[in-house]
K.L.:
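Could you have a look at this structure, given as structure tokens, before my questions?
In what follows, every chain begins at residue 1, and chains take the letters A, B, ... in the order their sequences are listed. Excluded from the calculations below are hydrogen atoms, water molecules and symmetry mates; all remaining heavy atoms, backbone and side chain alike, are included.
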Amino acid sequence: MNGLKHLINQNTPLLIIFLLFGIIFLIIGNIFYELIIQLTIRSFSNDFINLLPSISITLMNNLFSVICAILIAFFITNYLYKKSSANSSFLIILISFPHISYCIGITYLFATSGLFARLFAIFYGNEIPFTSSSGDGLANFIYILSLALREVPFLVLIGLSVWNKINSNQIQQQVSVLGHSELSALMNCIFPLWLKSMGLPILIIIAFSFSNYEFSLILGPQFPDMINVKIIESWYSSNRELTKLLNSLIIITVLISSFAILILFYLRKVTIIYLKTTRLFISINYNLYLLGKYLVILLITLFIVIFLITFFLSINNSWFFPSIIPVTFTLKGWTYMIDNYAELFLNSILISSVISISSLILMTYIIEISLKNNKIFRILLLLSFIILVMPQNIMLIGISGLMTRLSIFSIEIWFYFSLFIYIFPYTYFMMKQTYEDFNPQYIDNANVLGISKIKSFFYIKLPLMINDFLLIFGVSFSVCFYQFLQGIIVTKGEKLLFNNEVLILFSGESINTASAGSLLNFIPAGLLLIFIFIKSRYARM
Amino acid sequence: MLECNNINIQNEKNDYLIENQTFRILQSEIFTLTGASGVGKSTLLKYICGIKQESFTYSGEIIVYKNIVSHLPTNKRGVRMIFQNDLLFPHMNVIENLLFAAPPYRKNIKDEALSLLNKLNLSHLSFKNVTMLSGGEYSRICLARIMINEPKVLLVDEPFSNLDKNTKNITRDFFYKNISAMNCATLIVSHDMEDIYSHDKVIKL
Amino acid sequence: MNKPLDILIKVCILFFINQSLYSADVNFHAWGGSIMINDFIKEVSKNLKSKNINLNHTKITDIAESIKILESDKKIGNFQKGSVDLMWVNGENFHKLKKNQLLFGPIDKIENYKFINQNDQSLHIDFGEPVDGLEVPWGRAQFVMIYDSMMIKNPPQTIKQLSDFIKKNPGRFTYPQIPDFHGTTFLKQLLYELVEDKTILQKPFSNCLNPCLPIINLMTFLKEINPFLWNKGRRFPKSVSQTVPMLSNRELWLTISFNPNMAAANVRSGNLRDVTRTTSFINGAIGNTHYLAIPFNSPNKTAALEVINYLISPKSQADKSNIDIWGDPTVLDLNTMNKKQKKLFLDKESIHILPNNQIPYLVEPHYTWTEAIENEWFKTFN
């Protein structure tokens, strides 16, 4: 009984959050402590100057890709919202599509001997690819476009829910009856309001862009020379100069990602101010609906093509330039993956499920117990913000260092913790939306009928929120399942997820096995999210 | 001048909400549209504006200053409207709402907007966040926004329905005083008989 | 019945049951990027079951991960319960491991060590660092170049021919980004071609005069060919593996490798075209050995030694060198074997690879040259 009393004590959730804060600060403290011992201002400034080209490329590319993603997502959201009969379930599938498969597809589209080059060869008649003379411009463009389009489905999914709350139909009518154009309603009113509410999703994607590694690994030689890559290279290197560089790279990554966030939010502010005062659009009758439509078609086509490419790669026996489709087929890649990695695959599903459910339960518990405490959401926001702002690779380097100092926990515990802490902000963000959308009147009605808090949670709240909870679980699961940096930086190969093995295979020659693995990766998250989505649609009907 | 000829509106069951309505409102005239709740007053107003409900069937001619506008989109009809739940743009403050609403051909209108607010005794609200306005202040700013838009034809849909009695009286007087001064063809929807006494004509549905 | 005999029989039975129940886990940290190698280790693991050893192949991206584990173990004082029992290492990493005393040894007192070629110094000196029994040779590597014979009729075999080829066919050759192991080895190979007195490379880099002429000549050569490389030398692939699809698609016509049998294995698996062939520098190509080592804190050292013993047995080495299995050359001296054992090493011929021992081995330069070359390359090209 005492235990239960402690559990429902309002201070317990605060203690948990306090503990999490403590660990995060220890991690950050550990990073800076290591840096202070090993780094000097002189060596840092030398490294900074030498890395200036990479820094500017990283900053510019990531900024542009996020800005492109926001704009594309806005037009697509506009189209999908208006065309209410449009099935937006395809977004779930696109979000659950593995990064690795996506990157493989992009590589094979744009490579000098890739799909576009092969299509061109049909018309031009060249049997061998032209020599690669793609400069930085093209490499950067490919990176910006591919990363932007990768983020769009996520932004659109959140954006649609935000759009619903804006009262956009009435705004449209209101602006029309003032004699201003539809474009004016969109650009002067809806876009600023939408942008204002998209702060957290934007933060998520900009943080991801500074820590992603798979894009570089798989995009390969076409990939621009970015800081994200140099960190991992330094991590692996035995070259002393590169090892020393790691410390400078950590600070540089934190600085440029923070700088990028500040720039983005400043740009957002300036954009909103400009749009609400400009009268540029009020007489322009251009309809952006079609633009949204074409972008949706482009997005879906791209993902389908990428899926097909990855699929063909996984079953090809030999697929040389200039063949559009493989000449001979084999399933050896698939059978190899299933024979050798089935156990790890299932284990990864189990780990991801347990971590996601734990995160969901913990978040629900914290919110439920502290519902009367208005500040709980702000505290959780602060914690999530700190976790998100710090690039994942830096956070994990910190965890790895702390692990060495605090050897009281096993490597497994740190591994699970590093996964948990990564999905924590996603869980918080979606949970917050769910609780905000929930009508408290239901609980008030239950209270006046004398129903206890616990009973009203399990019999009223939970059934009403179950679809949202399932979706939160689904998204957290897929985020967790696709992780791999933990297996590199925290456990150093001792404890892995399935995705790690797929990445290791990419460092070898057997692209067809690696491609099979990456598609296998898709199955659990994809099926789960589709199931959740169908269930929620039936529930609504 | 606003002319509506043979307006018919049928709902999804093909019942007539509005049947064969014809009327003409000249410049400076103020008409009141009355009827029981749910009879189709707001629907008629929205149709004149160009806002249609998907499941309804509409027919009839709308003429604004001798131009047939029935086929035109809302923003090109030259018809302005204050909704029952009129919406100020929440991301703009009071003055920004007014500046945005000014007609396209007007430039450098900030002084004018401030002067209008001053004239309406609302200057103390100029830079206030619209979400912080009281009910009465909100309604008056909605009117100020329409005024700066210089409407030739104005439709007003029960603008006081959400206000308490005291605020309603103050706001109503404010409205009619300023609408009269605008010299535009006005059609006001109201089910409150007190609103009707000073108006030119009543259209009963 | 005879009571003492009874007891003896029962004790023997118990002993054998105990033996059969006893099994040791050996965590073998080795690169997991190659299907062929993974399959080979899997097969070894099956064969070791009869010795009651569970060989677990921990597939890693880079041995640096394992080294970090050991460094952190040492830091926290974990001297008994390490998670790594056996490692597949090469030169630069061995040097780090030895310097920081992270290895257990000597481990060369095992039975099958007698088959290792004792006279071949390249097996006992790793990147200029004496092995001192801290690691056991496992396989050999030698620098080769793989090319598409439809595109190249006369493959380059000297540095001059290579330079001519690169300039006549711009964009058809490249090397992996430094400090990738293969990329650095390619530079060392070029250094051998350019230097007059090759013995200077066996001495520490600090012995080279300042400025160091061999390095200057190497950089000059690289700067000369750079504009004619793939992507005009603006960008380099991260590894040799990334060049394989480029070669198969004829984006590149020539690439490098450290596995003399790579062409045959990749043609067999469909990764390369049938017209792929192998060449190398006729004056000599850098030969390199890769090794097996046991960390200082492995809790299963005995079992790990057994695994090493098995891996350097004639049977296992023959399987490993079979181009249909892995194709990694053996470290064993065939002259130490009997007829039956020698027969296991029947050379499988293949048009895709060079015949065994055709190209003279050049010993790796002293390890200090590696960092010097890499740093100079960074300064010039990065």
K.L.:
If only atom types and distance count, is the side chain of A:Lys492 paired as donor or acceptor with the main-chain N or O of C:Ile60 below 3.5 Å?
P.N.:
no

K.L.:
A:Thr513 versus chain C, heavy atoms under 4.5 Å apart: side chain, backbone, both or neither?
P.N.:
side chain

K.L.:
Does any part of the side chain of C:Phe378, heavy atoms only, come nearer than 4.5 Å to the side chain of A:Asn50, both counted from C-beta?
P.N.:
no

K.L.:
In terms of heavy-atom pairs under 4.5 Å, which option from A:Ile511, A:Leu505, A:Asn500, A:Ile411 contacts chain C the most?
P.N.:
A:Leu505

K.L.:
In terms of heavy-atom proximity below 4.5 Å to chain A, should C:Arg273 be classed as side chain, backbone, both, or neither?
P.N.:
both

K.L.:
Please flag which part of A:Phe484 lies under 4.5 Å from any non-hydrogen atom of chain C: side chain, backbone, both or neither.
P.N.:
neither

K.L.:
Between C:Leu272 and chain A, which part of the residue has a heavy atom less than 4.5 Å away: side chain, backbone, both or neither?
P.N.:
backbone

K.L.:
With a 4.5 angstrom heavy-atom cut-off, could you sort out which part of C:Lys59 is near chain A: side chain, backbone, both or neither?
P.N.:
both

K.L.:
Go through the atoms of C:Thr61 and report whether side chain, backbone, both or neither lie under 4.5 Å from a heavy atom of chain A.
P.N.:
both

K.L.:
Under 4.5 Å from any heavy atom of chain A, what part of C:Asn266 do you find: side chain, backbone, both or neither?
P.N.:
side chain

K.L.:
Nearest heavy-atom pair of A:Ile504 and C:Gly32: which atoms, and what distance?
P.N.:
CG2-C, 3.3 Å

K.L.:
Under a 3.5 Å distance rule, please check whether C:Asn249 uses its side chain to pair with a backbone N or O of A:Ser113 as donor and acceptor.
P.N.:
no

K.L.:
Given heavy-atom pairs under 4.5 angstrom as the criterion, report whether the side chain, backbone, both or neither of A:Glu127 touches chain C.
P.N.:
neither

K.L.:
Please state whether the side chain, the backbone, both or neither of C:Ile76 comes within less than 4.5 Å of a heavy atom of chain A.
P.N.:
side chain

K.L.:
Quick check on A:Trp235 against chain C: is it the side chain, the backbone, both or neither that has a heavy atom closer than 4.5 Å?
P.N.:
both

K.L.:
Go through C:Arg250, C:Met262, C:Lys68 and name the one with the most non-hydrogen pairs under 4.5 angstrom from chain A.
P.N.:
C:Lys68

